[in-house]
Amino acid sequence: MSGTEATRPAGLSEAEARARLEEDGANELPRPERRSPLRIVMEVLREPMLVLLLCGGLVYLVLGDLREALILLVFGAMSIVITVVQETRTERVLEALRDLSSPRALVVRDGARRRIAGREVVRGDLLVLGEGDRIPADAALVDARDLQIDESLLTGESVPVRKQVADKAASADHRPGGEDQPFVYSGSLIVRGEGLALVEATGPRSEIGKIGLSLRGLQAEPPRLQQQTARLVRLCFLGGAVVSLAAIALYGVLRGDWLQALLAGIAIGMAMLPEEFGVVLTVFMAMGAWRISQARVLTRRAAAIEVLGSATVLCTDKTGTLTQNQMSVAELRLLGGARMRPETAGRDDARPEFAELARCGALASSPEPFDPMEKALHLFAHAVLDDAPDGERTLAHSYGLRPELLAMTQVWRIAGRADLLACAKGAPEAIARLCRMNAADQESVRDAASAMAKDGLRVLGVAVAVCDDAALPPSQEAFAFRFVGLVGLADPLRPHVPEAVGECRAAGIRVVMITGDYPATAVAIASQAGLDVRDVMTGDQVRLADDSELAGRVGHVNVFARVLPEQKLRIVQAMKLNGEIVAMTGDGVNDAPSLKAAHIGIAMGGRGTDVAREASGIVLLDDDFGSIVSAIRLGRRIYDNLRKAMAFIFAVHVPIAGLALLPLVFGLPLIFSPVHIAFLELIIDPVCALVFEAERGERDAMTRPPRRPDSELFSWALVGWSVLQGALAFALTAIIFVGALRSGLVADEARTLAFVTLVVCIVALVLVNRSFSASFASAFFRPNPALIWIFAGVALVLATALLWPPASSLFRFGPLHADDLMITLGAGLLVLTVLELLKPIWARRLRF
């Protein structure tokens, strides 16, 4: 862009603006290709688990089992609807980013100021900047007067940065966040001053646009649990098909009745179809989302809860996440060394010198402050002075910051006083120079300011002077200032953060801070939060490190400072290459790419941007960092209970398959027909879906380390435990069935005895699988209202099948006597006792 164009006061003409708008496009991100609902449905239907769930429903429909078919198809339809809704919400991320980057703008065109839509700003437009405006495009300053800008959405740093016009041609390689830069950036907010700027980049060419484009290229991490479950479902489906075909072949070859063989195979196939796995995962994730919502945590993708439970690293931003993103006065210091910390000293404890320091700090600020530091000074002055006014006063004159003098002065005319009161604040060294302090006093001020800065404080010096009302000097240096003291401001830590960080560390989760703030501030906040600050890595070091070196550093560095958005992304990706399960928290636009790239993104709902919320899987509605611990605890509980349910399902199918094959191999009367399998499904489905989902978390859920990233949902140890449970239930039921036949009972009575024994053994398996580690008594006394209701329902339906003649005829049940009932109860108690005694031996193997 030519220098003539850069200094032209008339700005662009309307014709030039229209031509450039046509050439460069609107000042917004390019609209992505929107996925239609039909396209999303087709993508969802490619998920193996959902395909098998729907196929199972169609098989039942062909077999004429309308109840099972409807159940499976309804669950499949629910899964499709939920996924479509979630995918549609995720697609809104670019629209949110586009809205943020297109505010209203005041430009100069044809020599006149005009307010236009932000999307109509073009390259070469002359922007008029004023306090409170959001900047619509990246631009170079041509004029600036005391200009300070909040760029936290791009950098993560809460403190505004100064801007000034460049003395010479600036480098084209400029980034947000630096002091005294001659560039302003789209999406940032002007908190002080005014100026003019020439637009250099719009839309996707701006810094915020580059973030949006990088976000489009990222793919969200697929849920590991869903992948593992899909693989498990495929294996079980194949196993069930093999058993069913084997049953048909055995029956047909041994007995020659192929029609009965087909019916027997259908019964076994109905029992072995693994539809419970899909139902269980759907119910567990939906109920988990509902439970965590009670703690003010929104789950945008249900599988994210479980992934969070397996997280090994929690990467957190500083501003607005660990801290409150609200400046406050943390310390006052006088020249003699005396100091006051407001959190430990009340208003009545303030010495007159501290009261004067508070008053002068507020008077050195704007009367109606927009800057967060000036807001903090006003609030503190009101608190210390008990809202007592100094009398009627009016602002007589203001002296703004200059590059060569980083201080500002406000001159006040106060009713009843003949002279004027001038109050100044700024960098401690600048205030010391204004006060014409000797070398010793200046050294004392520098030492005090350095000590406060090491605590993570933003330090300002404050001075006061009086002058004649007749004439004001041309510059601040002409006042006879007296040094009043130093004010340290901080973005305070959230109250429950140290406790939450401690719980994360107890759970084996490493907490890492990634921030755009300065290293000293980052270390101070990290130490207050309880992070293990052994090493600090800056953004420049991240930029210079190659991928292998960065992967080595991120394994032990817990504080990253002065980090740019793409560097956050590199850090997250390096941790993933190291095999870590990464959770990332954040609230700004700069966090969106890393939120989406992490295994699980956690956004702040209150102060967070739409971009961060839409790119994440979990949103903390109340911005409480402590809620992350609740989500982690719930995630671990869900995974534990899911494994219990899977173990129960696998264990139950062992005796079902065994008892279906036993009569075929040994020429005995059939035990199961499709109606018996349907009855067993009435027990299995609600038990594994509702009872196990409602189980409380294990006692060691938050004291054991995260499970290994490569751990399987259904490990060989769990398979062995399930087979052992199922084999014991099968053996006892088979012995009772064969013994009943040999004792002279008719087939219907033996079938009844075996079936009731199996139901009682299934109840015993439920009690055994309620916990991997709890005591024998807890199998009965652990609170779980769902368990009571399910067991009561099972007992009622079983009693109806036994005592109501039409139902008994349907099930081909014979009468069950009191001594028979005792045998079934004894079998269930034996299964429970033996397995509870064996559980401690398997408990260590069942850990993750």
Side-chain angles (χ1 to χ4, degrees), residues 75 276-277 279-295 302 305-306 309 630-652 679-704 713 718 721-722 725-726 729 758-799 825 828-829 831-840 842-843 846-848:
F75 271 111
E276 294 96 348
F277 291 116
V279 171
V280 163
L281 188 62
T282 301
V283 170
F284 270 52
M285 294 300 103
M287 290 297 294
W290 175 79
R291 291 183 187 281
I292 200 171
S293 69
Q294 307 303 302
I305 305 173
E306 179 277 328
S630 299
I632 292 173
R633 184 182 297 109
L634 181 61
R636 293 190 174 191
R637 167 183 163 179
I638 288 175
Y639 191 82
D640 285 354
N641 289 344
L642 188 58
R643 295 181 84 236
K644 296 171 189 176
M646 296 297 188
F648 170 76
I649 293 171
F650 199 93
V652 163
F679 180 85
L680 290 174
E681 292 298 321
L682 279 175
I683 301 174
I684 297 172
D685 283 350
V687 165
C688 63
L690 299 179
V691 172
F692 286 112
E693 190 283 327
E695 279 296 327
R696 293 174 4 185
E698 297 288 305
R699 290 192 305 267
D700 64 343
M702 291 302 291
T703 56
R704 64 172 184 254
L713 172 67
L718 197 60
W721 176 239
S722 298
Q725 296 178 71
L758 178 60
V759 171
V760 173
C761 287
I762 289 176
V763 171
L765 294 182
V766 173
L767 296 176
V768 168
N769 285 285
R770 295 187 67 195
S771 173
F772 290 134
S773 59
S775 64
F776 182 87
S778 68
F780 295 97
F781 302 114
R782 279 167 66 98
N784 190 335
L787 181 68
I788 299 174
W789 286 104
I790 294 295
F791 279 4
V794 169
L796 179 61
V797 174
L798 185 60
L825 294 177
L829 185 60
V831 168
L832 177 62
T833 303
V834 171
L835 292 176
E836 285 291 340
L837 291 175
L838 292 174
K839 187 187 293 184
W842 285 85
L846 295 177
R847 288 288 140 224
F848 316 114

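Since the model is a prediction, treat every value here as computed from it, not as a measurement. Starting from 1, each residue takes its place in the sequence as its number.
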_Pairwise side-chain contact, Lys839 with Trp721, heavy-atom cut-off 4.5 Å (strictly under)_ = yes
*If you look at every heavy atom in Asn784 and Ala694, which pair is closest and at what distance?*
OD1-CB, 3.6 Å
*Of all the heavy-atom pairs spanning Val831 and Ala729, show the shortest one and how long it is.*
CG2-CA, 4.4 Å
_What verdict does the side-chain contact (heavy atoms from CB on, under 4.5 Å) test give for Phe648 and Val768, after you've listed the backbone C-alpha separation in whole Å, the side-chain angles of each residue and the deciding distance to 0.1 Å?_
CA-CA 9 Å; Phe648 170 76; Val768 168; over 6 Å; no
*Check Lys644 against Arg696 and note the closest heavy-atom contact, atom names and distance.*
NZ-O, 4.1 Å
*Return the minimal non-hydrogen interatomic distance between Glu836 and Leu767, and the atom names on each side.*
OE2-O, 4.1 Å
*Find the distance between SG (Cys761) and CD (Gln725) and round it off to the nearest 0.5 Å.*
11.5 Å
*Checking side-chain contact (heavy atoms from CB on, under 4.5 Å) for the pair Val766/Phe791: CA distance, chi angles, key distance, verdict?*
CA-CA 10 Å; Val766 173; Phe791 279 4; 3.8 Å; yes
*Of the non-hydrogen atoms in Phe692 and Asn769, which two are nearest, and what is the gap between them?*
CE2-O, 3.5 Å
_Residue pair Gly828 / Val760: nearest heavy atoms and the distance that separates them_ = CA-CG1, 3.7 Å
*Can you tell me how far the CG atom of Leu832 sits from the CG atom of Leu835, to the nearest 0.5 Å?*
7.5 Å
*By salt bridge (Lys or Arg N to Asp or Glu O under 4.0 Å), which residues pair with Arg637, not counting sequence neighbours?*
none
*Can you check whether Gly697's main-chain N or O pairs, donor with acceptor, with Asp640's side chain at less than 3.5 Å?*
no
